[in-house]
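The chain is numbered in sequence order, starting from 1.
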Amino acid sequence: MPNSIENLSGIIIGLGSIGNRHLNNLMSLGLSNLNVVRRSSNNNQHFKVPNRVGVVHDLETALSQKPDFAVVCNPSHLHAKTAIQCLE
């Protein structure tokens, strides 16, 4: 179990406006072990991933890294399915 918030590892699933806001908030809290799950075809210039944040293109890969938490920011109709996958 991590000793402090800085030692937590997390994933942000989806990087639209809400995912980007959560990413920035978590980074401002001092978290540095973060990964973003996003579509490989997404080239939206407004939501660039900082160099110190990892990017994966599927949830299974992100979950295989055993994150301490997940922030579900994908389209709302996918929230329940995604949350169940994270909990399992």
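- Counting all heavy atoms, side chain and backbone alike, Gly19 lies closest to Ile12 at O-CG2, 3.9 Å.
- Side-chain atoms of His79 come within 3.5 Å of backbone N or O of Asn74 as a donor-acceptor pair.
- Its side chain within the 4.5 Å cluster rule, Val37 clusters with Ile11, Ile13, Val56, Leu59, Leu63, Val72 among the Ile, Leu, Val, Met, Phe, Trp and Tyr residues.
- Residues Val53 and Met27 are in side-chain contact: their nearest non-hydrogen atoms beyond the backbone lie under 4.5 Å apart.
- Taken together through direct or relayed side-chain contacts under 4.5 Å among Ile, Leu, Val, Met, Phe, Trp and Tyr, Leu31 and Val49 form part of one hydrophobic cluster.
- The backbone N or O of Asn20 lies less than 3.5 Å from a partner atom in the side chain of Asn24, making a donor-acceptor pair.
- Under a hydrophobic clustering in which Ile, Leu, Val, Met, Phe, Trp and Tyr are joined whenever their side-chain heavy atoms come within less than 4.5 Å, directly or via other members, Val71 and Ile84 fall into different clusters.
- Residues Val55 and Leu15 have side chains not in contact (no heavy-atom distance under 4.5 Å, counting atoms from C-beta outward).
- Atoms CG and OG, from Leu8 and Ser32 in turn, are 10.0 Å apart once rounded to the nearest 0.5 Å.
- Residues satisfying the side-chain contact (heavy atoms from CB on, under 4.5 Å) test with Asp58, not counting sequence neighbours, are Glu60, Thr61.
- In the hydrophobic clustering, where aliphatic and aromatic side chains (Ile, Leu, Val, Met, Phe, Trp, Tyr) are joined below 4.5 Å either directly or transitively, Leu78 stands alone.
- Annotation: the span from Arg21 atom CZ to Asn25 atom CG amounts to 7.0 Å, rounded to 0.5 Å.
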Task: side chain to side chain contact (heavy atoms under 4.5 Å, CB included) evaluation trace for Ile5 with Leu29 - done: CA-CA 8 Å; Ile5 192 168; Leu29 290 171; 4.3 Å; yes
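- When side chains are defined from C-beta on, Ser9 does not count as touching Gln65, because their heavy atoms never get closer than 4.5 Å.
- Using a 4.5 Å heavy-atom cutoff, the side chains of Leu34 and Pro67 are not in contact.
- Rounding to the nearest 0.5 angstrom, the gap separating the CG atom in Leu23 from the OG atom in Ser28 is 10.0 Å.
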